[in-house]
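Okay, so here's the structure we're looking at.
Hydrogens, waters and symmetry mates play no part in the numbers below; they use all other heavy atoms, side chains included.
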Amino acid sequence: MATFLSKLGRLAFRRKGVTLLLWLLVFVGMGVAASSAPAPPADTFSMPGTESQEAFDLLTEKFPDASVDGATARVVVRAPAGTKITTPATRTEVERLVTELGASSPQVVGVADPYESPAVSISEDGTTAYTVVTYKVPAAEVDDEAHDALDAATEQAREAGLTVEAGGDAVKIEQAMGGTGEQIGILVSAFVLVLTFGSMIAAGMPLITALIGVGIGISGITALGSTFGLSGTTSTLAMMIGLAVGIDYALFIVSRFRAERAEGRTPEEAAGRAVGTAGSAVVFAGLTVIVALAGLAVVNIPMLTKMGLAAAGTVAVAVLVAITLVPALLGLAPVKVMARRGRLRYAVKPLSDRQRRRAARHEAKLARRTRPNLGTRWARYVLRHPVVVLLVGVIGLGTVAVPAASLELGLPGEGQMSTQTTQRKAYDLLSESFGPGFNGPLTITVQTVSADGTGTASAGTPADARKTGDGIGKALARTPGVASVSPAAANKAGDTAILTVVPTTGPTEKKTEELVHALRDTADDLERSTASRILVTGQTAMFIDFSQTLDDALLPYLALVVGLAFLLLMVVFRSVLVPLKAALGFLLSVAAALGAVVAVFQWGWLADVFGTDAPGPIMSTMPIFMIGVVFGLAMDYEVFLVSRMRESYAHGARPGEAVVDGFRYGGRVVGAAAVIMMSVFSGFIVEDNDFVKMIGFALAIAVLFDAFVVRMAIVPALFALLGRSAWWLPKWLDRILPRVDVEGEGLAGTQPAARSPRESTLVG
């Protein structure tokens, strides 16, 4: 591996013009393909194998005219204080609002008049009513004209003295990604890189290559969007991860190039060794990230699968960019990439007398520097006090992880939006006037089946289907937790009916989840006695099934990802204990990160600091996303830091010396990489999108825990306690595992050539 990558790095360095041209052609080509590709499809949500999805598909088939895919807006109207919604003057204004809503946009296909069904649409106290506006297009296709018309109609009613708020998927959500997160992350990353390298050129390379890699990845997602059903939101995770790892991977190769140059190697030799050693770590670190992201496919939710595969593809591009484009850029500036202060030492042209004197002063200054760097001092401290460091790290992370025991999962709804949004205000008005369960109704589908029980729909009339549905509705109404059941409505074929069940509790409450399970248990008994097929669906039921699907997939996902990465790391490090402690450390940092997320976003701690308007259940997708992404990133730091220790150990250093060497050469760079990663993720906390905000916080805090507590404290402490045992591998396993030269043992013979004092000053 190291030999092949070294040759690749040297080739890219020598053929820098060709390499840069090829990447430029790829970048431009993907941009052209993306710009000429059809518009990406709208977001679709499906959960194959769940009862909710089965019922939804049945409704689409049996009620084709019901526009189940069409967007809706539920407009809530409350009469002025001291009046009723049925007061003549108020009724006139409400009817005017209904008329305006119906004529507001060509996309509107109907508006329900609340006075035609007052028992359903007007509250018992007579102060509040609601109307439903139905659109002929899905929510993602409702245009700005329709949004503006809805806003104008509701604002006109407010001016007439009514309290009017609107909810539903047709209402515009002001939570689009604004790009602020990426900008903040890039700015902080640039600052850290300049401090780390002391060179604007060296700092710019990781940023430029990361942006090129992300640009190619996002363009590829856009170009293939219509072919593979990749919606616009599919690229969110790819952008976040691609930017972070792209900067880090280039950072490690540029840093290793500078270290090799400092040891006296020529620029081409340094580029080859940098790609052969640090590049090998990049390849295997990238593979662990790709495994973690692609493993999301085991969840069997198409949306997550597409996001994971798209992000994995972007990471693969980042790896290729790091091992080819970075050495080509180094070939353009082999001297300017070095720190400005000592740059004359690596000059390839004859120096003037003044430049020689400056170079000599710099050499003398370097010679006087005998104090070890911060990484070395920290490693030696850990080696002297391994038990204390280990206990403090484990107990500290364990304490932070305690809130994770109270983790409650759910999906975001209007009840979790900011109290300043019209959606949240409409939600609260409906809860106050119609009951908390009104915002989370359940839909019951009743399909009559043949007498032989084959499941084939039996012929009948709408009256027959309604009669069967009403009978089932009466039985379901007796279930504890049911507030009301609507009359059944049948399709034209007379083989299917639907009912609406309103719970007594809100859509995110535990009792509502228990009600869904109780209704399904009751439905199983009713199916046999009524010769019907009964399914429970609705948004609330779909959210419950979604959470359950994720819960069921969590352990298989962990087993797959951790198992494959364990094998990969065992091949890399030729050890059983190193990958084992890497996996255990990851679990500890993830638990602590989950605890922090629960404390902030569920309990509301530091809500003002992080902009948490409505603390509530953690989004169901967040834990599995965090596990997948953080595992890949945690293995990045493990590979980068421990591979340098392994390299030193393989070249004859004692275990303790290997740990010190790893921190001497890799500690500062790993620390800078972690700060960069944290800055990229933290930038997304300022976004308005709740999911992006939560993911950004979770990933940033997880990187903090994993990089600085697990990898830089717990891992060296364990190395100190294990000694040579850390590198133990059974002989039989050593024989069957493939050998990959990650440490650059095959490059050991390439030592810096002996040079005269003048050569060492003038030539790199």
Residue pair E51, V536: steps toward the side chain to side chain contact (heavy atoms under 4.5 Å, CB included) verdict: CA-CA 7 Å; E51 182 172 328; V536 181; 3.8 Å; yes
Once rounded to the nearest 0.5 Å, what's the spacing between atom OG1 of T99 and atom CG of D113? 8.5 Å
Indicate whether any N or O donor in one side chain lies under 3.5 Å from an N or O acceptor in the other, for T512 and T505. yes
D169 side chain to A71 backbone, donor-acceptor under 3.5 Å: no
Pair F697 + F681: ring centers closer than 6.0 Å: no
Return yes if a side-chain donor-acceptor contact under 3.5 Å exists between T128 and R78, otherwise no. yes
Before giving the answer on salt bridge (Lys or Arg N to Asp or Glu O under 4.0 Å), spell out for R424 and D428 the whole-Å C-alpha distance, their side-chain angles and the decisive distance to 0.1 Å. CA-CA 6 Å; R424 175 61 183 272; D428 292 340; 3.2 Å; yes
M47 backbone acceptor or donor facing T50 side chain under 3.5 Å: yes
Pairs touching residues 86-133 that satisfy ring pair (Phe, Tyr, Trp, His ring centres under 6.0 Å), sequence neighbours left out: Y130-F434, Y130-F438
Could you tell me if S52 and D545 have a donor-acceptor pair between their side chains, going purely by distance under 3.5 Å? yes
Counting only heavy atoms not in Q539 (residues, nucleotides, ligands), do more than 12 fall under 6.0 Å from its CD? no
Check whether T87 reaches the backbone of A89 with its side chain - one donor and one acceptor, N or O, closer than 3.5 Å. no
Between V77 and I85, does a side chain to side chain contact (heavy atoms under 4.5 Å, CB included) hold up when you go through it step by step? CA-CA 8 Å; V77 184; I85 206 75; 4.0 Å; yes
For a quick check under 3.5 Å, do R478 and T522 share a side-chain donor-acceptor pair by atom type? no
Heavy-atom donor-acceptor pair, Q602 side chain to S406 backbone, under 3.5 Å: yes
Could you tell me whether the side chains of N439 and S431 share a donor-acceptor contact shorter than 3.5 Å? yes
So, E513 and K510, do they make that salt bridge, N to O below 4.0 Å? yes
Does atom CD (E124) have a neighbourhood of more than 12 heavy atoms from anything else shown, all under 6.0 Å? no
Among V76, L429, T422, L97, which one satisfies side-chain contact (heavy atoms from CB on, under 4.5 Å) with V164? L97
Where do V501 and T443 land on the side chain to side chain contact (heavy atoms under 4.5 Å, CB included) test, with the steps shown first? CA-CA 6 Å; V501 173; T443 301; over 6 Å; no
Give the C-alpha distance, both sets of side-chain angles, the deciding distance and a yes or no for salt bridge (Lys or Arg N to Asp or Glu O under 4.0 Å) between K136 and E141. CA-CA 9 Å; K136 61 183 178 183; E141 298 178 18; over 6 Å; no
Those residues at least two apart in sequence (or on a different chain) that pass salt bridge (charged side-chain N to carboxylate O under 4.0 Å, His left out) with E527 are none
Under 4.0 Å between a Lys/Arg side-chain N and an Asp/Glu carboxylate O for R74 and E165? no
Main-chain N/O of L150 paired with E100 side-chain donor or acceptor, under 3.5 Å: no
Passing option when P503 is tested against V482, L515, T540 for side-chain contact (heavy atoms from CB on, under 4.5 Å): L515
Donor on one side chain, acceptor on other, S123 and S433, under 3.5 Å: no
Donor-acceptor pair, distance only, cut-off 3.5 Å: does the side chain of T222 make one with the backbone of I218? yes
Over 12 non-hydrogen atoms of neighbours within 6.0 angstrom of NZ in K84: yes
Any donor-acceptor pair under 3.5 Å from D57 side chain to E61 backbone: no
Main-chain N/O of T500 paired with S486 side-chain donor or acceptor, under 3.5 Å: yes
